[in-house]
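The structure appears below as structure tokens.
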Amino acid sequence: MSSTTGVTVRGLTKTYGGTPVLDGIDLDVSPGERVVIIGPSGTGKSTLLRCLNYLDRPDAGQITIGDLTVDAAQARKSDILGLRRRTGFVFQNYALFANKTALENIMEALVTVQRLPRAEAADRARAVLAETGLAEKADSYPAALSGGQQQRVGIGRAMALGAGVLLFDEPTSALDPEWVGEVLDLMRRVAEQKQTLLIVTHEMQFAREIADRVLFMHSGSIVEQGTPAQIFDAPQDERLRRFLARTGG
């Protein structure tokens, strides 16, 4: 996987039904940096991630990932595909194909997006399943996997693409508590590879442990950012202090 990919966002805005969800976001992420985004529900955290690869189309602003810059005012289909090739997305609800095995779920984008021959895609998918501790589940369908195993397949699918940036959208929020640890352990292993990561999470201890930098979002804006020690031990903004008091951060 490449760790040479940075992210730059300028003036990113998104409105739903007349309500601003992202209010002119500016953000710089260095190659290999691990950035964790925290904040109350409904403050635009997931929307920010989804706009980075145009799962949600921003209303305005520029996104640069690696060597590609896309302006929302004139984004073409080829630009959007380019962003998606540079990012891997891990969904909170796994988003696996129910009619495909774990192996086939990981192969799908390798074949359809990256145009790999099926044999080569299968080899890469098996290697990734081994990395995620699921080698013996290659032929299992999602319904036969636990929530934690399904999410590990989802992470494996993002890893297999070899994208420069991995985007995690609350990857443990849909899990029963018993499965959270195994997913966080896998994310720690991914982080050790110096991959560029943007992670939206409500797991405050995990954020403290894994992040190079923590962003606190409120009402569609980045209100405060800093090292985990700065954010969790010496918060400046009153909204951040209230949020941490509620979440035990």
Side-chain angles (χ1 to χ4, degrees), residues 1-3 5 32 34-36 46 49-50 52-53 55 84-203 205-207 209-211:
M1 284 185 289
S2 169
S3 61
T5 304
R34 298 170 296 194
V35 175
V36 173
S46 294
L49 287 198
R50 293 175 66 86
L52 289 180
N53 71 348
L55 285 170
R84 291 177 179 166
R85 284 183 170 145
R86 288 162 174 77
T87 55
F89 202 100
V90 178
F91 298 85
Q92 54 185 296
N93 63 349
Y94 327 138
L96 301 181
F97 295 105
N99 63 336
K100 295 184 184 295
T101 65
L103 185 77
E104 291 166 341
N105 265 283
I106 293 176
M107 287 176 59
E108 180 70 17
L110 297 175
V111 173
T112 60
V113 177
Q114 296 194 346
R115 307 291 189 205
L116 286 188
R118 289 193 68 82
E120 186 179 341
D123 286 345
R124 188 185 296 185
R126 287 188 193 281
V128 166
L129 281 172
E131 249 186 286
T132 62
L134 293 171
E136 78 286 358
K137 299 293 186 182
D139 297 324
S140 297
Y141 289 90
L145 301 175
S146 72
Q149 290 169 336
Q150 290 185 62
Q151 189 58 294
R152 282 154 63 196
V153 173
I155 294 171
R157 176 177 55 192
M159 292 166 59
L161 293 170
V165 180
L166 292 185
L167 309 170
F168 291 83
D169 183 15
E170 302 218 33
T172 61
S173 67
L175 295 177
D176 291 335
E178 64 198 284
W179 307 123
V180 169
E182 66 186 61
V183 171
L184 295 182
D185 284 344
L186 176 56
M187 291 175 65
R188 288 184 185 97
R189 296 204 300 275
V190 173
E192 286 167 4
Q193 299 175 20
K194 302 303 181 188
Q195 180 84 11
T196 307
L197 305 178
L198 279 87
I199 303 168
V200 171
T201 186
H202 59 280
E203 301 282 348
Q205 183 55 43
F206 178 70
E209 173 190 329
I210 205 168

> What's the shortest heavy-atom distance between N105 and P142, and which atoms?
Replying inline: ND2-CG, 4.1 Å
> Who passes ring pair (Phe, Tyr, Trp, His ring centres under 6.0 Å) against F89, sequence neighbours left out?
Replying inline: F91
> Is there side-chain contact between M159 and T132, with heavy atoms separated by less than 4.5 Å?
Replying inline: yes
>> Are L161 and L110 packed together at the side-chain level, in the sense that at least one heavy-atom pair is separated by less than 4.5 angstrom?
In response: yes
> Taking all non-hydrogen atoms of both residues, which atom of G32 and which atom of T196 are closest, and how far apart?
Replying inline: N-OG1, 2.7 Å
> Taking only residues two or more places apart in sequence, or in another chain, which ones meet S46 in a side chain to side chain donor-acceptor pair (under 3.5 Å)?
Replying inline: D169
> For the residue pair V36 and A211, what are the closest heavy atoms and their distance?
Replying inline: CG2-CB, 3.6 Å
> Taking only residues two or more places apart in sequence or in another chain, which ones pass salt bridge (charged side-chain N to carboxylate O under 4.0 Å, His left out) with E108?
Replying inline: K100
> Does any pair with a residue in residues 177-186 pass side-chain hydrogen bond (donor to acceptor under 3.5 Å, both in side chains), and if so which ones, sequence neighbours excluded?
Replying inline: R152-E182, D185-R188
>> Walk me through whether L129 and K137 qualify under side-chain contact (heavy atoms from CB on, under 4.5 Å).
In response: CA-CA 8 Å; L129 281 172; K137 299 293 186 182; 5.8 Å; no
>> Using 0.5 Å steps for rounding, measure from the OH atom of Y94 to the CD atom of Q149.
In response: 10.5 Å
>> As an exercise, state the distance from CE of M107 to CZ of F97, rounded to the nearest 0.5 Å.
In response: 13.0 Å
>> I want to check something: taking the side chain as every heavy atom from C-beta on, are Q151 and V90 in contact at a cut-off of under 4.5 Å?
In response: yes
> Are I155 and F168 close enough, and set up right, to give a side-chain contact (heavy atoms from CB on, under 4.5 Å), and what steps lead you there?
Replying inline: CA-CA 9 Å; I155 294 171; F168 291 83; 3.9 Å; yes
> How long is the span from the CG atom in L186 to the CD atom in E131, to the nearest 0.5 Å?
Replying inline: 8.5 Å
> Which residues pass the side chain to side chain donor-acceptor pair (under 3.5 Å) test with R84, sequence neighbours left out?
Replying inline: none
>> Can a donor-acceptor pair be found, under 3.5 Å and without considering hydrogens, that links the side chain of Q195 to the backbone of A163?
In response: yes
> What's the spacing between I210 CD1 and T201 OG1 if we round to 0.5 Å?
Replying inline: 9.5 Å
> Applying side-chain hydrogen bond (donor to acceptor under 3.5 Å, both in side chains), which residue pairs with at least one partner in residues 110-120 are found, sequence neighbours left out?
Replying inline: Q114-R124
> Atom CZ in R34, atom NZ in K194: separation rounded to 0.5 Å?
Replying inline: 5.0 Å
> Which heavy atom of L145 sits nearest a heavy atom of S140, and at what distance?
Replying inline: CD2-CB, 3.8 Å
>> Would R86 and V165 count as a side-chain contact (heavy atoms from CB on, under 4.5 Å) here? Give the steps.
In response: CA-CA 6 Å; R86 288 162 174 77; V165 180; 6.0 Å; no
> What distance separates L96 CG from I106 CD1, expressed to the nearest 0.5 Å?
Replying inline: 9.0 Å
>> Ignoring hydrogens, what is the shortest heavy-atom contact between T5 and G164? Give both atom names and the distance.
In response: OG1-CA, 3.4 Å
>> Any side-chain to backbone donor/acceptor pair from T172 onto L175? Under 3.5 Å, distance only.
In response: no
